[in-house]
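Since the structure is predicted, the reported quantities are computational estimates derived from the model, not experimental observations. Below, chains carry the letters A, B, ... as their sequence lines are ordered, and counting in each starts from 1. Values reported hereafter were calculated over all heavy atoms of this structure, with side chains retained and with hydrogens, waters and symmetry mates removed.
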Amino acid sequence: MPSITIENLTFSYPDCSSPALYEVNLTIEAGEFIVITGATGAGKSTLLRCINGVIPHFQPGTLQGNVWLDRATPSGRVPVARVSAPQLARFIGSVFDDPEGQIVSPIVEEEIAFGLENTGVDPAQMDDRIAKALADCGISHLRHRATSSLSGGQKQRVAIAAVLALAPKILVLDEPTSELDPDGTEAVLKVLFELNKNHGITIIIAEQKVTLLAPLCDRLVLLEKGRIALQGPPRKVFMHPYIFAKLGVELPAPARLAHALVQAGVLPPLDSPDAPPIPLTVEEAFTLSRQLL
Amino acid sequence: MPAKLTGRPLIEVRQLKHIYRSGGEALKGIALTIDAGEMIAVVGRNGAGKTTLTKHFNGLLRPTTGTVLLDGQDTAKLPVAQLARTVGYVFQNPDHQIFHERLFDEIAFGPRNLGLRGDELTTRVDSALKAVDLTDYRDRDPGELSRGQRKRAALASVLAMETAVIILDEPTSGQDYQESEQIMAILQELNRRGHTIIFITHDMELVQEHACRVLLIDDGKLVIDSPPRELFRQEQALTSAGLRLPPTAELEQRLAAFGIHSDAGTVEALAASIARRSSQITARDSFKENCSGGAAACQ
Ligand SMILES: Nc1ncnc2c1ncn2[C@@H]1O[C@H](COP(=O)(O)OP(=O)(O)OP(=O)(O)O)[C@@H](O)[C@H]1O
Ligand SMILES: Nc1ncnc2c1ncn2[C@@H]1O[C@H](COP(=O)(O)OP(=O)(O)O)[C@@H](O)[C@H]1O
Ligand SMILES: [Mg+2]
Ligand SMILES: [Mg+2]
């Protein structure tokens with residue numbers, strides 16, 4: 001299964017004075033669950049486009065450096081730019097930030113089948129794959145509906161289901177829960193987590209709100225104006241509230257509570273040896289608070 | 001332009017049903033009234049009927065049965081152009097409302113239809129662009145903007161109309177934290193100046209911080225109509241409608257059993273309360289109370 005190595009990646013869109021990504025270096029192991037965050041315009045979508053091959057295959061611009069897919073071929077690593085788009089589509093599935101624009105079929109079921117047919121899935125398996133993807137996204141009841149008649153969140157669920165059905169080795173998702181209700185967000189993230197844990201699928205997801213993702217991911221990458229400002233496991237990254245504030249990214253409430261407890265004088269500084277780990281979930285924040293009472 | 005003080009509700013919805021030709025019954029009989037000057041959040045699961053409901057407030061959709069009155073007048077009998085002068089609508093998908101090739105023209109479209117020309121028009125457009133931080137893109141093609149920026153462009157085009165009522169379908173989706181805060185600050189300021197604001201959102205923290213009243217829609221029906229704090233006390237109803245408590249509210253509720261209270265609804269207030277409680281327990285000096293902020297808009 002391929003890992004991804006990004007080396008000194010600089011990318012500029014045509015007619016743009018400053019690059020959207022600047023000398024980015026990042027290695028993503030096979031089976032990792034990575035969250036990319038940062039303010040709008042920080043370069044999240046651009047980075048994802050460089051990974052899934054939209055850049056340079058479809059989006060013009062100036063690209064320096066390399067994005068390598070390791071062990072994608074028997075001959076070792078190859079740059080994304082030299083793998084054809086259809087071949088990339090065989091193992092990288094992408095959900096774009098404009099779900100409506102991604103949907104091409106008039107009927108929900110056909111939208112899910114479309115990708116499966118294109119990747120040569122055995123027709124005998126198709127029905128099961130479609131049913132499972134729809135169920136995973138909570139839209140089994142929409143199977144025969146016209147895609148144009150769906151609500152915004154329903155469309156986003158269809159776009160995600162269509163990609164999940166393909167069972168790609170790498171999943172690249174650009175703000176996939178922006179219009180999902182809290183229930184749907186939880187359901188989709190749970191599916192991603194299970195794909196990652198049980199099937200070793202690499203997950204790369206860009207999100208503004210990292211609260212729900214923090215307990216699920218291995219690593220958070222914070223982008224600032226096209227550069228990596230901070231990265232690491234969530235508990236490490238959340239030690240730096242000032243960087244979050246500076247970058248305009250919201251620190252999740254459980255972590256904020258820990259910092260506020262330090263301020264209030266009931267917890268030692270979080271980087272001291274006797275400090276508890278930063279809570280990632282409401283459950284952990286609750287337990288921590290309980291211990292102080 | 002604050003609405004007239006007529007004593008009657010600004011928007012009155014009576015037994016509203018809406019049936020889409022290809023989607024079945026999206027609204028199954030909704031009744032509610034909205035007064036001038038309110039700031040209301042509309043919440044509910046995907047497909048609940050939020051967009052369908054609010055599109056009736058400015059005639060983008062017409063009732064299958066039932067009526068929607070705007071300032072006492074039946075919207076079914078009012079021309080769309082007249083409705084558009086009173087009720088502005090920011091679409092969930094910005095691409096459904098952006099048509100021009102230059103951002104300035106996009107924003108100027110509505111005010112021009114209102115008869116504005118020359119300096120007055122330019123000032124109106126430029127201040128709307130400034131409010132949403134898109135001044136630098138004034139002469140660019142909206143098609144080149146990111147989705148989040150296009151959404152703010154759509155907001156600007158409605159702001160430039162200065163309508164008495166502004167409806168926003170998921171105004172902060174695709175926006176980062178600072179932009180969301182900025183958008184909500186604009187809406188609160190408009191609300192303070194007398195505009196009625198109705199926003200749809202899935203972000204319960206936004207509801208907690210910015211709405212005075214929340215409408216919970218599920219399966220085409222109005223299930224709960226209450227202040228946010230009351231909604232958050234009904235966790236069962238909330239989860240069965242596909243929603244969740246915001247994390248701070250959930251923490252607050254779980255800690256309430258241990259004597260922890262945070263009326264401000266912030267983690268800072270929670271931490272202060274925990275500190276006070278823990279110092280009481282250890283019989284030390286109590287910490288100074290330090291609650292501020294929160295749902296200030298609802299005094
Ligand atoms: N143009 C349409 N034609 C047919 N059915 C529609 C149409 N638009 C919406 N519907 C259906 O009506 C119901 C309510 O849709 P609506 O768009 O109002 O939901 P919503 O609450 O705004 O959801 P979301 O959170 O996903 O935006 C859904 O079942 C949807 O599929
Ligand atoms: N298609 C495009 N054409 C020109 N510039 C773009 C395009 N997409 C993004 N940009 C610019 O590249 C930078 C990074 O944007 P993007 O990757 O979309 O950030 P994010 O996803 O973090 O919001 C921004 O300055 C943005 O304006
Ligand atoms: Mg993006
Ligand atoms: Mg909607």
Side-chain angles (χ1 to χ4, degrees), chain A residues 13 37-42 45 97-98 100-101 138-139 142 145-146 148-157 175 177-186 208-209 211 244 247-250 252-254 256-267 281-283 285-286 289-290 292-293, chain B residues 20-23 26 43-52 92-93 95 144 146-149 169-170 173-180 202-205 238-239 241-248 250-251 254-255 258-260 266-272 274-279 281 287 290:
Chain A
Y13 289 96
T37 191
T40 51
S45 298
D97 60 357
D98 172 18
E100 188 161 351
I139 48 171
L142 301 177
R145 282 277 298 276
S148 64
S149 79
L150 301 178
S151 76
Q154 290 170 336
K155 282 180 185 149
Q156 192 161 30
R157 290 178 192 228
E175 303 195 25
T177 66
S178 59
E179 288 178 31
L180 295 195
D181 61 43
D183 212 24
T185 303
E186 229 173 76
Q208 310 275 359
K209 293 211 143 197
T211 306
F244 276 76
L247 301 197
V249 179
E250 188 181 25
R256 260 179 14 240
L257 179 74
H259 287 287
L261 288 169
V262 174
Q263 289 284 310
V266 282
L267 274 187
T281 59
V282 168
E283 184 63 41
F286 172 73
S289 308
R290 273 289 288 127
L292 298 170
L293 297 172
Chain B
Y20 286 108
R21 261 172 297 152
S22 63
V43 301
R45 76 172 85 239
N46 292 135
K50 305 176 296 294
T51 299
T52 307
Q92 184 166 353
N93 184 344
D95 302 334
E144 285 171 14
S146 76
R147 186 176 165 88
Q149 288 171 329
D169 200 345
E170 305 192 20
S173 76
Q175 308 298 325
D176 65 36
Y177 177 61
Q178 273 167 0
E179 288 160 352
S180 300
H202 292 296
D203 185 338
M204 295 302 129
E205 293 185 62
L238 204 66
T239 31
L243 305 183
R244 297 284 181 276
L245 282 176
T248 7
E250 190 185 339
L251 254 177
R254 294 187 60 182
L255 287 169
F258 303 91
I260 302 301
T266 63
V267 291
E268 287 72 22
L270 266 181
I274 293 168
R276 274 196 307 279
R277 187 88 187 127
S278 104
S279 65
I281 291 167
F287 283 75
N290 186 22

*asked:* With chain B as the partner, which of A:L267, A:L180, A:L247 has the greatest number of non-hydrogen pairs under 4.5 Å?
replied: A:L180
_Among the listed options B:Q178, B:Q149, B:R21, the residue most often paired with chain A at heavy-atom distances under 4.5 Å_ = B:Q178
_Keeping B:N46 on the side-chain end and A:D181 on the backbone end, is there a donor-acceptor pair under 3.5 Å?_
yes
_I'd like to know if the side chain of A:T40 pairs up with that of B:D176 as donor and acceptor (distance under 3.5 Å, no hydrogens or angles considered)._
yes
*Among B:L255, B:L270, B:V267, B:T51, single out the residue with the greatest number of heavy-atom pairs under 4.5 Å to chain A.*
B:V267
*With a 4.5 Å limit on heavy-atom distance, are the side chains of B:E205 and A:K209 in contact?*
yes
*Heavy atoms only, distances under 4.5 angstrom: which of A:K155, A:Q156, A:R157 has the most pairs with chain B? Name it, please.*
A:R157
*Measure distances from A:A146 to the heavy atoms of chain B and classify the residue's part below 4.5 Å as side chain, backbone, both or neither.*
neither
*Side chain proximity check, A:V282 to B:L245, heavy atoms < 4.5 angstrom*: no
*Mind listing the closest non-hydrogen atom pair of A:S178 and B:G174 along with its distance?*
CB-N, 4.5 Å
_Side chain / backbone / both / neither for A:E175 at chain B, heavy atoms under 4.5 Å_ = side chain
_Rounded distance (nearest 0.5 Å) linking atom CG of B:D203 with atom CD of A:Q208_ = 11.5 Å
_Over all atoms of both residues, closest heavy-atom pair of A:V266 and B:A275_ = CG1-CA, 3.7 Å
*Pairing residues for B:D169 by the salt bridge (Lys or Arg N to Asp or Glu O under 4.0 Å) criterion, not counting sequence neighbours*: none
_Toward chain B, the part of A:L150 with a non-hydrogen atom under 4.5 Å_ = neither
_Structural part of A:E283 lying under 4.5 Å from a heavy atom of chain B_ = both
*Does B:I260 reach the side chain of A:L293, with side-chain heavy atoms less than 4.5 Å apart?*
yes
*CD/B:Q92 to CD/A:E179 distance, rounded to the nearest 0.5 angstrom?*
4.5 Å
*Measure the spacing between OG1 of A:T185 and NE2 of B:H202 and express it to the nearest 0.5 Å.*
8.0 Å
*asked:* So which atom in A:S151 and which in B:G47 form the shortest heavy-atom distance, rounded to 0.1 Å?
replied: OG-N, 3.4 Å
*asked:* I'd like to verify something: which residue of A:G153, A:P182, A:G184 has the highest number of heavy-atom pairs under 4.5 Å with chain B?
replied: A:P182
Distance-only donor-acceptor pairs under 3.5 Å for side chains of residues 256-265 of chain A, two or more places apart:
{"residue": "A:R256", "atom": "NH1", "partner": "A:E250", "partner atom": "OE2", "Å": "3.4"}
{"residue": "A:R256", "atom": "NH1", "partner": "A:L251", "partner atom": "O", "Å": "2.9"}
{"residue": "A:H259", "atom": "NE2", "partner": "A:F238", "partner atom": "O", "Å": "2.8"}

